[in-house]
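One structure, as structure tokens, below. Some questions next.
Counting starts at 1 for both ligands and their atoms, in listed order. What you are looking at is a predicted structure, and each value in this text was computed from that prediction instead of being measured.
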Amino acid sequence: MPTRLLLFPLLAFALACPLAAAPAPVSTDPAEVAARLAAIRTPPAPATPRINGARVVGARPEKPFLHRIPTTGERPLRWSVRGLPRGLELDPDTGIISGVTPAKKGTYTLRLRASNALGKTSAELDLVVGDTLALTPPMGWNNYNAFRLRISDSLIRAQADALVSSGLADHGYAYVNVDDAWEGVRAADGSIQGNERFPDMAALGAHIHSRGLKFGIYSSPGFETCGGFVGSLHYEEQDARAFASWGVDYLKYDWCSYIVDAGRLAADRHAELLPAHADRLRSLAAEYGPMRNDRRRPRPPEMSARMKEIEAEQKRLLSAIPAETLLAIERDIAVDAYRAMGRALEASGRDIVYSLCQYGEARVWEWGPEVGGHLWRTTRDITPRLSAILGIVNRQKGLEKWAGPGRWNDPDMLEIGNGALTPDEMHMQMTQWCVLAAPLLIGTDLTRLDPLVLGILANHEVIAVNQDRLGRQGWLLRKTGDAEIYVKPLEGGRWAVALFNRGEKPLVITFDRAELKLPAAAAVRDLWRQKDLPPSAPVTFVVAARGAEFVSVNPGEK
Ligand code: GLA
């Protein structure tokens, strides 16, 4: 039952199993290489300049600002910007805008230009200085899916460099997010620092920023993280100040070890609901406290065993509470825990995107924004198997009404390039994440990308659906057997329509413009292949087994 899981998210250490979901081996077998090349749908980006990515970016007043204008095209490129407010400047050779945002709230329309030996292009970018960050779903990379807890400063730097050299940054991927396992012990004054594999967090941040990219980090509202590293409980403000001083732009805050604290809080605040058990819950928490604070690693086996017993007993005691009541208690506790860091981040002096990671429990989408969150996990950890991915997708239904600019449902990171996902399955995940307006956090090893994986991750028309300014999350319009059709409204009266085949055989899937009350002549474009389709109704594809097709429909001038 889901409501039990917030207090007892699967065992913390099980969640953080250190086995990496191995990136798919880059095959040298000629037949396999040929098959993967044949599966590429995305046309190569032209050598002439093209400005990609979101057309709107949010920032708070008087905050450090960094934006790399995502541009494809042959190098060298040069950029210029008109309409930059005072305090911001452009490096014309890198296309990186940096400085401090203006004090005055409002929309500043920046006119971007990029040119190279072959041509020039322009685009507008609205810088909205206000209260909201993440006006479009965050895009970037996170180490966890490919490397789990086996990370280091040099690994992260190499991945940041590869985000640029692969061309992915030219499509809008900007965050380089360090997940769990960077944390060292606290110093005597309580300050957090990196462990021996992360000797200088500020220098790492500076390296990432020097590429025009943004620096993400990870912590927990509990005493320790899912991987058993130190968490931020009782150090929220101090940690937020440290993160800001390192130049952090994004925090993933992962519930895990709040387990027994949450049990004690439940007993303290809702003793009336637990008349028989409140004292026992408090004494369990009191016994647990010193053990969790014991810094010996590995823990003595008898201590670990006792901690597990306590967790199990607490779970048993709380399971006596009716589900609805438990949900209310969980919500209360989680709101407080997440709000503490939300406030600390807001006071930190930097714009830090706040990602809540508690697996969708306690209906986080209802209260995420209220604690300062910009995105929240809706489900448990993803794995690189289509069945796991589709299970997660099923659980997004009905959540679309909670998403919008600055508030995103997060079905977890991309597995494209990992495990044994087939080319069609990888197209399926990317299509699904784009139509759902999900955060696009790449989870594979960027130093080993093959052209197929790169093509799936770097299709600017597909990404444009995800980054559309309306910020609407798409929804399931129709399901017929294994065929599912998702739709997402886009700026300018256009729609994105995604056709999924969940079955084991190719399937003819037809979409009729009338299903969206669009005129029969509305123009349809194949987004993956970047081609207009002949004007005919209805739109019909033979969709590959466990695969997807993706189109936009444009009714034209109104
Ligand atoms: C949990 C999260 C993962 C990852 C690990 C790190 O399992 O859901 O995304 O952050 O913790 O330990």
Side-chain angles (χ1 to χ4, degrees), residues 2 5-21 138 140-152 155-156 159 175-184 192 194-195 197-198 215-233 243 248 250-259 262 292 297 311 334 337-338 341 353-362 364 368 373-385 388-389 391-392 395-396 408-416 418-419 429 433 438-444:
L5 290 171
L6 179 62
L7 295 171
F8 302 101
L10 292 181
L11 276 184
F13 296 106
L15 272 172
C17 160
L19 289 176
W141 174 88
N142 171 298
N143 67 260
Y144 186 70
N145 284 357
F147 299 102
R148 292 289 192 260
L149 307 181
R150 287 194 294 265
I151 52 171
S152 65
L155 181 144
I156 302 292
Q159 296 290 324
Y175 288 95
V176 176
N177 291 352
V178 181
D179 208 272
D180 201 359
W182 65 268
E183 311 90 334
I192 181 90
N195 58 37
R197 284 169 289 117
F198 287 88
F215 180 24
I217 208 172
Y218 169 101
S219 188
S220 171
F223 66 94
E224 70 182 16
T225 65
C226 297
F229 294 84
V230 64
S232 292
L233 183 66
F243 300 159
V248 164
Y250 183 112
L251 173 70
K252 173 175 171 183
Y253 209 43
D254 194 352
W255 185 250
C256 261
S257 72
Y258 215 78
I259 307 171
R292 76 172 190 212
R297 292 293 182 277
E311 289 168 14
Y338 278 95
M341 183 52 91
V353 168
Y354 188 26
S355 154
L356 317 184
C357 178
Q358 42 77 275
Y359 335 116
E361 304 305 336
V364 56
H374 300 104
L375 61 155
W376 38 83
R377 280 272 296 279
T378 51
T379 34
R380 283 197 254 155
D381 290 13
I382 199 162
T383 58
R385 279 179 300 114
I389 294 171
I392 286 178
R395 297 192 58 186
Q396 310 308 310
W408 307 106
N409 291 308
D410 174 9
D412 208 356
M413 299 171 286
L414 297 172
E415 289 284 15
I416 293 159
N418 293 344
Q429 191 192 13
W433 263 232
L440 294 180
L441 292 171
I442 300 171
T444 198

_Side chain, backbone, both or neither: which applies to Cys357 and ligand 1 if a contact is any heavy-atom pair less than 4.0 Å apart?_
side chain

_Only heavy atoms of Gly227, strictly under 4.0 Å: list the atoms of ligand 1 that pass._
12 (O)

*Have a look at ligand 1 and work out which part of Asp254, if any, has a heavy atom under 4.0 Å from it: side chain, backbone, both or neither.*
side chain

*Can Arg292 be said to sit on top of Phe223's aromatic six-ring, NZ or CZ under 6.0 Å from centre and within 45° of the ring axis?*
yes

*Heteroatom proximity flag, Arg377 to ligand 1, N/O under 3.5 Å*: yes

*Any donor-acceptor pair under 3.5 Å linking the side chain of Asp254 with the backbone of Ser219?*
no

*Would you say the side-chain atoms of Thr378 and Asn409 include a donor-acceptor pair closer than 3.5 Å?*
no

*Element-labelled atoms of ligand 1 that are located less than 4.0 Å from some non-hydrogen atom of Asp179*: 4 (C), 5 (C), 6 (C), 10 (O)

*Tell me which part of Arg380 gets within contact of ligand 1: side chain, backbone, both or neither, using heavy atoms under 4.0 Å.*
neither

*Are the side chain of Asn142 and the backbone of Leu441 linked by a donor-acceptor contact shorter than 3.5 Å?*
no

_I need the atoms of ligand 1 closer than 4.0 Å to a non-hydrogen atom of Lys252, numbered in the order shown._
3 (C), 4 (C), 9 (O), 10 (O)

*Quick one: do the Asn177 and Tyr218 side chains pair a donor with an acceptor below 3.5 Å?*
no

*Heavy-atom contact under 4.0 Å between Asp381 and ligand 1?*
yes

*May I ask you to check if ligand 1 and Tyr359 share an N or O to N or O distance below 3.5 Å?*
no

*Ligand-residue contact atoms, ligand 1 with Asp180, heavy atoms, under 4.0 Å*: 6 (C), 12 (O)

*asked:* Checking the side chain of Glu415 only, and the main-chain atoms of Asn418 only, is there a donor and an acceptor separated by less than 3.5 Å?
replied: no

_Strictly distance-based, threshold 3.5 Å: is any side-chain N or O of Tyr338 a donor or acceptor partner for the main-chain N or O of Cys357?_
yes

